[in-house]
Amino acid sequence: MDAAYRRTALCGTLGKTQVGETVTIVGWVHRRRDLGGLIFIEVRDRSGIVQAVFNPQTDAAAYQVADQMRLEYVVAVSGVLVARDPQTYNPHLPTGEVEVRGTDAVIVSRSKPLPFGIDDDLNIDETVRLRYRYLDLRRPTMHESIVLRAKAMKYVRDFLTQHDFVEIETPLLTRSTPEGARDFLVPSRLQPGSFYALPQSPQLLKQILMISGFERYFQIVRCFRDEDLRADRQPEFTQIDIETSFLSQQALMDLMEAMIAGLFESVGGIHCERPFVRLTWDEAMNRYGSDKPDLRFELPLTDVTSIVSQSAFQVFAKVAQQGGRVMGLRVPQGARLTRSEMDDLTAHAATYGAKGLAWIAWQSDGPHSPILKFFTQQEQKDLFGALGAQEGDLLLFVADQRRIAQTALGQVRLKLGQQLGLIDEHLYRFAWITDFPMFEYNDEEKRWEAEHHPFTAPREEDLPYLESAPERVRAKAYDMVLNGYEIGGGSQRIYDPSVQERIFARIGLTPEEAHDKFGFLVEALQYGAPPHGGIAFGFDRLLMLLAGKENIREVIAFPKTASGADPLTGAPAPVDEKQLRELRLQLRRT
RNA sequence: GGAGCCAUGGUGUAGAGGCCCAACACGCCUGCCUGUCACGCAGGAGAACACGGGUUCGAAUCCCGUUGGCUCCGCCA
């Protein structure tokens, strides 16, 4: 039999208990130390590393083979496992107290010199890593991340199966929908001129499955969105997709909280404080200036609009009169920030649409600020009181439309949290954000859009405002947030077809369009639709946080670059004219 | 669509207008070495400095553009 298949032990599992046994290990040459008269080879397999030693005096043939071995060759080594002399223990290896005395060795497969070493904490250009992803994945941390991913997937599957969820697959070739992200399209050969779309999520089909009576559905499913990438966003990504019937929002949130906390605890060994913090969207925006606040530090925002609305400072007063907000942030001991640090913060706020960042620095000789002179003694007192300002503090302000003021100062808060070292990297602070606004006005298209998606149920008490004041309508929607990342989001769905039609009308879909795009759902809702709701988690992002990585590509075996390319396979790539012809497609120049 | 940062042997870096037909470390090749473990020692090969223009007597270095990468804004129901 081929030596490679005679393996009797995994490298990383060898220890003193097996001393005396004759073993055959198979794996890659991780390191090679040739002392001239003695060769040490570290052999690595999926379990770990163990040292083999070759002595020309006792095992000349094996030594000759070891002499030929080079890094990353695949080799098989047989021999007795011996205890090392205590003086030669290697404390850096779990198997460092033993070694295989190589009496028989075979080179199974040779390797060209590698473009980079198989070592962790190597800082290699990511394009090179992705081009040679098979080598990159040999690195122990990458291996661990991919194995962690498998464990997490199994945990979720087991948890949901134990709670009577049924795993159901939905098609990847489905139809394009008008709302939401840009679709990836797949041309139909059998129906030229028509296209499938890859799913942005199985949203409609999982609702249909509720109408079909499954009551508890889940799927760990690939989703596709043709939008620009980010450190935590890939064009194809994996969701834990969940839908339930007859389960209150509260009950669903409790169950999901148990699942995610269990996942982090059992797979990541990470303790999670429960119950998770719950904030309404309004509270989150007001206090942290974000709908996915990082709660590892406090540094809250304060709405000071009412204090400054009558002030002589026109920038603030005008914003207040026009219905905007003036948001303030107290930075304890921030008065010592330098001019250039302030400039950085101002530029940061500007990225998020703020027109400026006003400041008051409370030095030892009193408050200093170019805007202080515009405020009366009383206004100053109220301002300091509202913010709890003390000597040494820096007060920052953004005045703008509510959302811009909140977001811009919220991002300043985040930057300061990082800059001032307020973030404990070991903390995992989960939160639920609830009561999102149902609609958001799209300035470009001059219409109201669903903030979540158009199948989200509005809160009953807000239904009367659907037509008259859509900005007041809140949705039965909820996001799960962790350390500033949105890790999941869902909602209770509309199960009354007439409400569904009102929502479609509100977002500017004509009855004909609604019927054409979503008719099957509206029709299905007429055949006994149960109250239902669900949630979807971004599995890759969850993994990224679980593995403590800063980038989603680290937990995906074959990810894409910022331009959507895969340097390994060369995708995307042009196709043959023949393929285009079969699809009756023609490329345009612009 | 916009902005910032980056690009030098296989890999990581040094280089700040003449010191550079480019240096160092790791890797690779050759030789020596019997207890190494990031083995050590000696020697060697390997780069038209991403690409295209320009400025200059002279450009890896300065300027413009292109390409690619990363990050962010917009976008992502």
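Per chain, numbering begins at 1; letters A, B, ... match sequence-line order. Only this structure's heavy atoms are used, side chains among them; waters, hydrogens and symmetry mates stay out. The structure presented is a predicted model; accordingly, all values stated were derived computationally and were not measured.
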Looking at [options], which one has an atom nearest to any side-chain atom of [X]?
X        : options             : result
A:Gln51  : B:C37, B:G69, B:U11 : B:C37
A:Ser563 : B:G69, B:C39, B:C73 : B:G69
A:Asn123 : B:G12, B:C75, B:C76 : B:G12
A:Leu71  : B:C73, B:G27, B:C76 : B:G27

Fill in: Pairwise C1' distance for B:U13 and B:A60, with rounding to whole Å
14 Å

Practice prompt. Please measure how far the C1' atom in B:G9 lies from the corresponding atom in B:C24, and state the result in whole Å.
Written response: 12 Å

Checking only heavy atoms, does the side chain of [X] share a donor-acceptor pair with the base of [N] at less than 3.5 Å?
X       : N     : value
A:Arg70 : B:G27 : no
A:Arg84 : B:C37 : yes
A:Glu99 : B:G35 : yes

Worksheet item: For A:Gln203, which contact category applies under a 4.0 Å heavy-atom criterion: base, sugar-phosphate, or nothing?
Response: base

Item to complete: Report which part of the nucleic acid A:Leu35 touches: base, sugar-phosphate, or nothing (heavy-atom distance under 4.0 Å, all strands).
Response: base

Fill in: Stacked pair A:Phe40-B:U36, distance under 5.5 Å, angle under 30°
yes

Item to complete: Please test A:Phe436 against A:Tyr478 for ring pair (Phe, Tyr, Trp, His ring centres under 6.0 Å), starting from the C-alpha separation and ending with a verdict.
Response: CA-CA 7 Å; A:Phe436 280 73; A:Tyr478 32 83; 9.0 Å; no

Practice prompt. Tell me the partner of B:C57, counting only Watson-Crick (N1-N3 plus N6-O4 or O6-N4) or G-U wobble (N1-O2 and O6-N3) with both under 3.5 Å; none if nothing fits.
Written response: B:G18

Worksheet, complete the sentence: The Watson-Crick or G-U wobble partner of B:U67, with both key distances under 3.5 Å, is B:A7

